[in-house]
Amino acid sequence: MKNQELVRIFYDIADILEIKNVEWKPLAYRKAARAIEVLGEDVEEIYKKDGIKGLKEIPGVGERIAEKIEEFIKTNKIKEYEKLKKTIPRHLTELMEIPGLGAKKAKKLYERLHIKSIKELEKAAKQHKISGLETFKEKSEENILKGIELIKKGKGRILLGVALPMARNIIEELKTLKDVKDISVAGSLRRMEETIGDIDILAISSNPKKVMDKFTSLKEVSRILAMGETKSMVILENGMQADIRVLDKKSYGAALQYFTGNKGHNIRLRELAIKKGYKLNEYGLFKKDKYICGRTEGEIYKNLGLDYIEPELRNNTNELELAKNRKLPKLVKLGEIKGDLHVHTKDSDGDNTIEEMCREAINLGYEYICISDHSKTRAIANGMKEEELLKQIREIDRLNKRFKRFRIFKGCEVDILNDGNLDFSDDILKRLDIVGAAVHSGFKMSESKMTERIIKALKDKYVKILYHPTGRLINQREPYQVDLNSLFDVAKEKKKFLEINGMINRLDLDDYNIKKAVEKGVRLVLGTDSHSKEHLRFMEYGVSQARRGWCEKKDIVNALSLKELVRLFNIK
DNA sequence: GCCGTTTTCGGCCCGACTGTTTTCAGTCG
């Protein structure tokens with residue numbers, strides 16, 4: 001898949017052109033890059049199917065950029081880009097990564113001081129060669145050094161499941177102020193992206209100053225980047241950036257919309273507003289200078305002739321068109337999930353007993369849970385031997401008699417061995433209610449071998465679910481090579497289910513593949529892969545991943561009631 | 001370079017904050 005390579009190239013072209021003072025083209029290249037970045041399809045596939053014409057249907061891609069994509073698909077490079085790169089020093093665009101430095105300043109630093117890289121910039125700043133250069137003074141030098149520090153610390157994106165609790169803590173602290181009338185996360189956190197760049201918070205108050213003071217003096221704050229009347233930005237102790245915006249009640253919806261983004265969605269929404277004779281900003285929707293609405297997001301979308309668009313769908317694909325034509329999916333909700341189908345206990349590598357996991361599940365309002373500990377080959381995860389699984393089965397039978405209106409399913413996360421065989425014999429598997437299979441080893445085999453291996457397991461008559469179908473660990477391990485399309489076909493034909501794993505560093509399948517699966521009519525299972533009772537709450541992340549993949553209630557197996565689920569799995 | 005129920009030419013989202021000015025350019029989200 002060449003999408004992300006193209007994205008990087010187009011962003012780089014934009015940076016170079018901007019340094020060279022070319023007008024508007026950077027805007028065009030960035031627009032195209034952003035569109036490809038979130039494209040639900042492989043550009044190579046689009047090109048194979050519909051050629052240049054197909055490429056031009058990507059928003060922001062016209063004749064010239066389509067030709068460049070074609071060239072890259074055919075030759076793996078873009079001549080004009082290679083030429084362009086030679087016109088400026090190789091590392092010059094990296095200066096623009098430093099917060100506060102853009103194209104204009106990077107250019108000036110190069111022209112006046114021949115600085116061509118972050119390394120050289122740091123040296124110059126430390127020797128105080130920058131202050132005194134026209135508009136650069138002491139403060140600029142200081143900020144450059146701080147910015148470089150920040151970059152060195154790593155600006156890696158943080159897992160949603162780590163960032164969201166942090167943001168909620170901050171919100172709880174701000175809520176203690178009487179002056180805060182309303183408060184919400186915004187940005188990528190509200191869109192529930194799998195990783196988060198910075199924390200965005202929106203607060204409603206008639207006393208912004210007080211909110212700003214509290215926010216910038218929170219114990220988590222290590223440095224204040226900016227502090228104004230309605231907006232502040234800080235760096236937290238863990239290196240994350242957090243931004244807050246404070247506005248008046250009558251702007252809450254408009255501000256929430258604006259601050260949630262994403263950027264492309266906002267731009268297109270504002271363009272639509274202009275077309276309809278309005279102006280849209282974070283204060284509201286205006287006709288001339290007259291305030292039309294802005295208290296809720298819903299009324300803004302409505303006044304622009306659109307259905308309400310859920311935050312998870314605001315990624316500037318085709319959601320505005322669908323909203324206009326009343327064709328948006330009705331996304332599954334956390335409250336519709338009736339149970340968790342991937343849970344570990346002390347019997348393998350979990351922290352809690354079966355009963356403890358069940359108590360927590362009941363607290364969450366679930367009707368059922370599936371205990372799915374590891375099989376024997378997973379020795380490192382204390383995988384269960386046959387006799388241990390049989391013992392667990394007996395215990396579940398015993399516990400099930402004690403619970404009313406709650407059912408524990410007997411399951412297992414059984415290893416798919418390298419040859420596609422399973423880690424337990426039929427004699428064991430037939431005693432289970434729900435068998436899930438998973439790959440935990442041999443990640444490096446070829447795509448065709450891996451696909452064959454998994455299909456063999458998926459076709460086993462006892463296997464119902466394929467757990468974490470690609471094996472990726474976010475920021476740690478790439479997915480193994482597998483032809484998911486073939487897996488989807490088998491799943492559809494044999495009535496098997498693929499998991500959306502809600503564990504915060506897995507989220508596997510990802511949103512892109514979830515959407516593909518749903519389009520093919522494959523039904524999905526939500527599991528948290530909990531290894532302690534606290535993890536059961538990760539269902540929130542599984543659901544948000546499903547929503548970002550356009551899942552409706554009907555697509556999710558464990559949105560079924562206990563009765564319906566028993567029927568579906570044909571459980572006695 | 002892209003795009004068109006105002007345009008095939010002439011626009012291109014919009015506003016806050018900083019640092020440097022003394023009314024604004026640059027940067028950011």
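If you're wondering where the values come from, they're calculated on a predicted model, not measured in any experiment. Just so we're on the same page: letters track the sequence lines, and every chain starts at 1. Atoms considered below: every heavy atom in the structure, side chains included; atoms not considered: hydrogens, waters and symmetry mates.
Taking 4.5 Å as the limit, every side-chain heavy atom of Ile224(A) sits out of range of all side-chain heavy atoms of Ser232(A).
Using a 4.0 Å heavy-atom distance criterion, Leu247(A) is classed as making no nucleic acid contact. Within 4.0 Å of Ala273(A), counting heavy atoms only, lies no atom of the nucleic acid at all. Counting non-hydrogen atoms under 4.0 angstrom, Lys68(A) reaches the backbone sugars and phosphates but no base. Pro99(A) comes within 4.0 angstrom of sugar-phosphate atoms only, judged by non-hydrogen atoms across all strands, and of no base. Using a 4.0 Å heavy-atom cutoff across all strands shown, Tyr258(A) reaches at least one base atom of the nucleic acid. Heavy atoms of Ile274(A) sit under 4.0 angstrom from primed sugar atoms or phosphate atoms, though from no base atom. Arg245(A) comes within 4.0 angstrom of the backbone, heavy atoms only, and of no base.
Distances shorter than 4.0 Å separate some side-chain N or O of Thr230(A) from OP1 or OP2 on dC17(B). For the pair Lys25(A) and dG1(B), the criterion of a side-chain N or O lying under 4.0 Å from OP1 or OP2 is met. Regarding contacts with the backbone of dC14(B), every side-chain N or O of Arg270(A) stays at 4.0 angstrom or more from both OP1 and OP2. Of the side-chain N and O atoms in Tyr283(A), one or more sit less than 4.0 angstrom from OP1 or OP2 of dA16(B). Between dC28(B) and Lys263(A), no contact under 4.0 Å exists linking OP1 or OP2 to a side-chain N or O. Distances shorter than 4.0 Å separate none of the side-chain N or O atoms of Asn266(A) from OP1 or OP2 on dC13(B). Taking only side-chain nitrogens and oxygens, Asn143(A) never comes nearer than 4.0 Å to OP1 or OP2 of dT18(B). Side-chain nitrogen and oxygen atoms of Thr135(A) include none within less than 4.0 Å of the OP1 or OP2 phosphate oxygen of dA25(B).
Taking the six-membered ring where tryptophan is involved, the planes of Phe10(A) and Tyr29(A) are tilted, since the angle between them lies from 30° to 60°.
Taking atom C1' in both dC13(B) and dG29(B), one finds a spacing of 12 Å when rounded to whole Å. Using P as the reference atom, dA25(B) and dT21(B) are 14 Å apart when rounded to the nearest Å. For the C1' atom pair drawn from dG10(B) and dC24(B), the interatomic distance equals 26 Å after rounding to whole Å. Taking atom P in both dG15(B) and dT20(B), the straight-line distance is 26 Å, to the nearest Å. Comparing the same atom, P, in dT6(B) and in dC2(B) gives a spacing of 23 Å after rounding to whole Å. Here the separation of dG26(B) from dT22(B), taken at their P atoms, is 15 Å to the nearest Å. With P as the reference atom, dG11(B) and dA16(B) are 25 Å apart, rounded to whole Å. On the C1' atoms, dC12(B) is 13 Å away from dT7(B), given to the nearest whole Å.
Note: CZ (Phe259(A)) to P (dC14(B)) measures 18 Å, nearest angstrom. Distance, Leu133(A) CG to dA25(B) P: 19 Å, rounded to whole Å. The separation between Met233(A) atom CE and dG19(B) atom P is 10 Å, rounded to whole Å. Separating the CG atom of Leu285(A) from the C1' atom of dC13(B) is a distance of 14 Å, rounded to the nearest angstrom. Here dT18(B) presents its P atom at 17 Å from CD1 of Ile144(A), a figure rounded to the nearest Å. For the pair Leu225(A) CG and dT27(B) P, the interatomic distance rounds to 16 Å; values are reported in whole Å. Between Lys108(A) atom NZ and dT27(B) atom C1' the separation is 14 Å, expressed in whole Å. Leu84(A) places its CG atom 10 Å from the P atom of dG1(B), with the value rounded to the nearest Å.
Between Lys146(A) and Glu149(A) there is no salt bridge, since no side-chain nitrogen of the basic residue lies less than 4.0 Å from a carboxylate oxygen of the acidic one. Ionic pairing of Arg168(A) and Glu172(A) is not present here: no N-O contact between side-chain nitrogen and carboxylate oxygen is shorter than 4.0 angstrom. Between Glu237(A) and Lys219(A) there is no salt bridge, since no side-chain nitrogen of the basic residue lies less than 4.0 Å from a carboxylate oxygen of the acidic one. A salt bridge links Arg30(A) with Asp15(A): at least one charged nitrogen is closer than 4.0 Å to a carboxylate oxygen. Under a 4.0 Å N-O distance rule, the pair Glu82(A)/Lys86(A) does not qualify as a salt bridge.
Relative to the side chain of Lys231(A), the nucleotides dT20(B), dA16(B), dG26(B) differ in distance, and dA16(B) lies closest. Looking at the side chain of Asn281(A), the nearest of the listed nucleotides dT20(B), dC14(B), dG1(B) is dC14(B). Out of dG15(B), dG1(B), dG26(B), the shortest distance to the side chain of Lys105(A) is found at dG26(B). Side-chain proximity of Asp243(A) to the nucleotides dG1(B), dA16(B), dG29(B) is greatest for dG29(B). When the nucleotides dC13(B), dT18(B), dT20(B) are ranked by their closest atom to the side chain of Glu271(A), dC13(B) comes out on top. Ranking dC14(B), dT21(B), dC2(B) by closeness to the Lys137(A) side chain, first place goes to dT21(B). Proximity note for Lys104(A) (side chain, C-beta onward) versus dT20(B), dG26(B), dG15(B): the nearest is dG26(B). Checked against dG1(B), dG29(B), dG19(B), the side chain of Lys139(A) finds its nearest nucleotide in dG19(B).
If you find the closest nucleotide of DNA chain B to Leu27(A) and to Gly60(A), the one lying nearer the 5' end belongs to Gly60(A). Positionally, the nearest nucleotide of DNA chain B for Glu23(A) lies more toward the 5' end than for the other of Lys275(A) and Glu23(A).
The number of heavy atoms from other shown groups lying within 6.0 Å of CZ (Arg223(A)) is above 12.
Look at dT7(B): its glycosidic torsion is within 90° of 0, and that puts it in the syn range.
Pair assignment for dC24(B) gives dG19(B), based on Watson-Crick or G-U wobble hydrogen-bonding distances that are each under 3.5 Å.
Between Glu321(A) and the options Lys327(A), Arg268(A), Arg326(A), a salt bridge (Lys or Arg N to Asp or Glu O under 4.0 Å) holds for only Arg268(A).
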